[in-house]
Amino acid sequence: MEILVFAVSLIIILTIWLVIINKWRKGVYLLICYIPFAGIVTLALHPSPFPTIFKDILFIIPLYAAFFLCGLRKKHVITDSHVPRHIVLFIYALFVLVLIQSLNSSIPNWLVAFIGIKVWLFYLPMLFIGFAFIRNIDELVLLSRMMVIIAFIPCLIGIGEFVASSILGYKLVMTTIYGDAAKAATQNFQIYDVNAVLYRIPSTFSYWLQYSGYTMSMIIPAYILWQIDRNRMWRTLAKILFGITVVASLLSGAKANFIFIPLLVVTIFAFEGNIKRGLIFTMGILVLFAGVLLIGDFNLVTFSELMIRLFVRYYNELFIGGISEALQNAPWGMGTGMNTGPARHAFENYDYESFGVIENYYAKAIYELGLIGLVLVLGLFLSVIGQGIIQHIKIKNREVKSCSAALLGFLTVVAATSLKGWQIDIDPINVYFWLFAGILLKLKYLDFPQSGKY
């Protein structure tokens with residue numbers, strides 16, 4: 001039986017690899033289709049740790065290989081345009097620093113360093129993939145359509161889980177759906193009681209935080225499709241999903257989303273420059289936000305106080321406190337992986353409760369890579385976002401400008417969320433962030449109307 005399972009698995013892997021190696025663009029579509037449902041595979045094979053890297057083995061490794069081989073054959077995969085050189089230099093510099101710090105004597109074993117290298121560097125090439133993948137607005141429409149259609153499933157499941165948990169009981173619903181994996185998927189059934197209850201919702205993912213990041217990410221293709229698709233039906237679907245993803249994000253169990261999701265919407269409209277429309281829609285989001293709270297029987301006063309305390313805590317403990325702690329303990333860096341969540345499993349005598357980390361991406365950069373690491377991480381983020389803003393100002397086509405506003409909003413807000421966590425290290429934002437960054441940088445070459453194909 002084991003031999004049969006191995007043989008079938010090998011055939012599936014080889015088939016996927018052959019498809020992707022033959023045409024790397026198919027690898028992007030396959031990856032986009034797999035990401036929202038990767039958690040189902042992981043949970044089905046729980047407690048095995050191997051399914052967590054299926055995405056990398058099945059899709060990303062052959063995608064990188066095919067992309068590289070295509071570049072060798074055709075020399076110019078991305079036509080005559082290129083990722084700005086200063087961004088490439090920041091990526092190369094970060095790559096070298098991470099490798100150097102992987103030799104730090106403070107690292108207890110090679111596995112910690114290896115996991116750290118993987119988390120820091122493995123998804124950076126998605127920027128180049130995103131840049132090369134979109135050749136015209138029609139392809140961006142097609143990619144957004146695929147993301148929008150697929151996103152309905154995890155978002156509706158997640159909202160359904162919240163409703164069912166409110167009626168039948170959280171632990172009962174989660175254990176019925178996820179079995180033995182429920183405890184891990186929900187962070188030990190953690191809830192937040194603010195008169196009503198916020199539940200950790202995993203949906204089709206193996207961990208609730210992945211689902212939360214996914215709902216935030218899907219706001220972007222929904223908005224893009226809403227603004228640029230010429231087909232009325234697709235625009236309507238995109239509008240509906242935009243609202244659903246906002247609701248799903250608020251109900252995912254991430255308290256921070258009550259800060260960052262409204263911020264994302266406001267940021268997108270700020271980049272759009274349509275003040276009147278932005279104010280109207282922002283008011284609509286606030287009404288929807290209040291409606292969700294009231295339906296859930298939330299105490300608005302208590303919840304508002306919680307959000308204020310949360311914001312103050314993020315600033316004092318995670319932003320200021322995290323940076324201060326990293327500077328005091330490791331100004332020159334403790335080594336790659338030493339403050340990386342997944343690397344905790346590689347420490348000897350690992351104890352989840354006692355494993356202390358600084359939940360601040362920029363503090364993590366200092367702690368692992370030293371002050372120069374912080375400079376390079378900030379430089380990379382600011383160079384991508386800054387380049388995006390510069391070209392956004394110059395873009396003339398309204399449709400392209402809307403795409404730029406959405407992508408810029410996402411990158412800016414994820415950079416902001418990195419002050420209080422590592423979303424950029426976690427599936428699926430680790431893929432979407434760099435993929436969207438590449439697409440953003442390509443937009444200046446697409447500043448012309450659609451062909452009308454879609």
Side-chain angles (χ1 to χ4, degrees), residues 7-38 40-41 51 53-83 88 91 118 121-151 153 214 217-218 220-221 224-225 228-229 231 234 400 403 407 427-428 430-446 448 450-454:
V8 172
S9 300
L10 186 61
I11 291 172
I12 292 173
I13 293 171
L14 291 176
T15 301
I16 293 173
W17 272 57
L18 287 173
V19 169
I20 296 174
I21 292 294
N22 182 55
K23 193 168 185 180
W24 68 267
R25 293 176 188 277
K26 291 182 179 179
V28 176
Y29 287 120
L30 289 173
L31 177 63
I32 292 301
C33 290
Y34 180 77
I35 283 175
F37 308 107
I40 296 175
V41 178
I53 60 172
F54 281 0
K55 165 177 60 66
D56 303 326
I57 295 173
L58 288 173
F59 305 103
I60 293 185
I61 290 176
L63 174 59
Y64 287 169
F67 183 73
F68 177 73
L69 290 173
C70 185
L72 289 180
R73 290 198 305 267
K74 298 183 179 179
K75 294 185 180 180
H76 294 291
V77 179
I78 50 181
T79 66
D80 295 325
S81 55
H82 299 277
V83 173
V88 176
I91 291 174
K118 194 260 187 184
L121 303 177
F122 188 69
Y123 300 102
L124 281 175
M126 291 304 299
L127 183 147
F128 301 96
I129 297 288
F131 189 92
F133 183 76
I134 301 298
R135 295 171 294 188
N136 53 61
I137 290 296
D138 291 333
E139 288 188 339
L140 183 54
V141 170
L142 185 59
L143 181 65
S144 299
R145 285 184 179 181
M146 175 180 288
M147 287 183 169
V148 163
I149 284 296
I150 294 172
I153 300 172
Y214 176 77
S217 303
M218 289 304 99
I220 306 311
I224 288 174
L225 204 64
I228 72 174
D229 203 303
N231 186 296
W234 281 103
V400 178
C403 298
L407 294 165
D427 288 343
N430 54 11
V431 172
Y432 290 135
F433 183 88
W434 298 112
L435 180 69
F436 288 172
I439 294 173
L440 171 67
L441 296 174
K442 189 63 174 288
L443 288 180
K444 74 174 184 178
Y445 300 101
L446 310 181
F448 49 83
Q450 286 177 259
S451 68
K453 182 178 179 181
Y454 294 106

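Only this structure's heavy atoms are used, side chains among them; waters, hydrogens and symmetry mates stay out.
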So for atom NZ, which belongs to Lys26, do other residues, nucleotides or ligands contribute more than 12 heavy atoms lying within a distance under 6.0 Å? no
Return the CZ to CG distance between Arg25 and Leu63, rounded to the nearest 0.5 Å. 11.0 Å
Under the criterion ring-ring contact (aromatic ring centres under 6.0 Å, His included), which of Trp17, Trp24, Phe59, Phe122 is the partner of Tyr64? Phe122
Working note: Leu140 + Leu446, criterion side chain to side chain contact (heavy atoms under 4.5 Å, CB included); need CA distance, chi angles, decisive distance, verdict. CA-CA 10 Å; Leu140 183 54; Leu446 310 181; 5.6 Å; no
Quick one: OG on Ser217 to CZ on Phe436, what's the gap to the nearest 0.5 Å? 6.0 Å
Step-by-step side chain to side chain contact (heavy atoms under 4.5 Å, CB included) determination, Ile149 to Trp234: CA-CA 10 Å; Ile149 284 296; Trp234 281 103; 3.5 Å; yes
Please work out which of the three classes, parallel, tilted or perpendicular, describes the rings of Tyr432 and Tyr214, given edges at 30° and 60°. tilted
Option from Ile439, Leu225, Leu407 for which side-chain contact (heavy atoms from CB on, under 4.5 Å) with Ile220 holds: Leu407
Working to the nearest 0.5 Å, report the span between CD1 of Ile60 and CD1 of Ile20. 9.5 Å
Before giving the answer on side chain to side chain contact (heavy atoms under 4.5 Å, CB included), spell out for Leu30 and Leu58 the whole-Å C-alpha distance, their side-chain angles and the decisive distance to 0.1 Å. CA-CA 10 Å; Leu30 289 173; Leu58 288 173; over 6 Å; no
Just verifying a value: how many Å separate Leu142 CG and Ile137 CD1, rounded to the nearest 0.5 Å? 12.5 Å
Here the pair of heavy atoms bringing Arg135 nearest to Lys442 is CA-NZ, 4.4 Å
Parallel, tilted or perpendicular: which one describes the rings of Phe133 and Tyr29, with boundaries at 30° and 60°? perpendicular
Measuring from Ser144:OG to Ile228:CD1, what's the distance to the nearest 0.5 Å? 5.5 Å
Enter the distance from Asp229:CG to Ile224:CD1 here, rounded to the nearest 0.5 Å. 11.5 Å
Report the C-alpha separation of Ile21 and Leu18 in whole Å, then their side-chain angles, then the decisive distance to 0.1 Å, and conclude whether the side chain to side chain contact (heavy atoms under 4.5 Å, CB included) test is met. CA-CA 5 Å; Ile21 292 294; Leu18 287 173; 5.7 Å; no
How far apart are the closest heavy atoms of Ile32 and Met146, and which atoms are they? CG2-SD, 4.1 Å
Flag for Asp56-Tyr123: side-chain donor and acceptor within less than 3.5 Å: yes
Taking Trp434 for the side chain and Phe128 for the main chain, is one N or O donor matched with an acceptor at less than 3.5 Å? no
Do Ile150 and Cys33 have side chains that approach each other closer than 4.5 Å (heavy atoms only, starting at C-beta)? yes
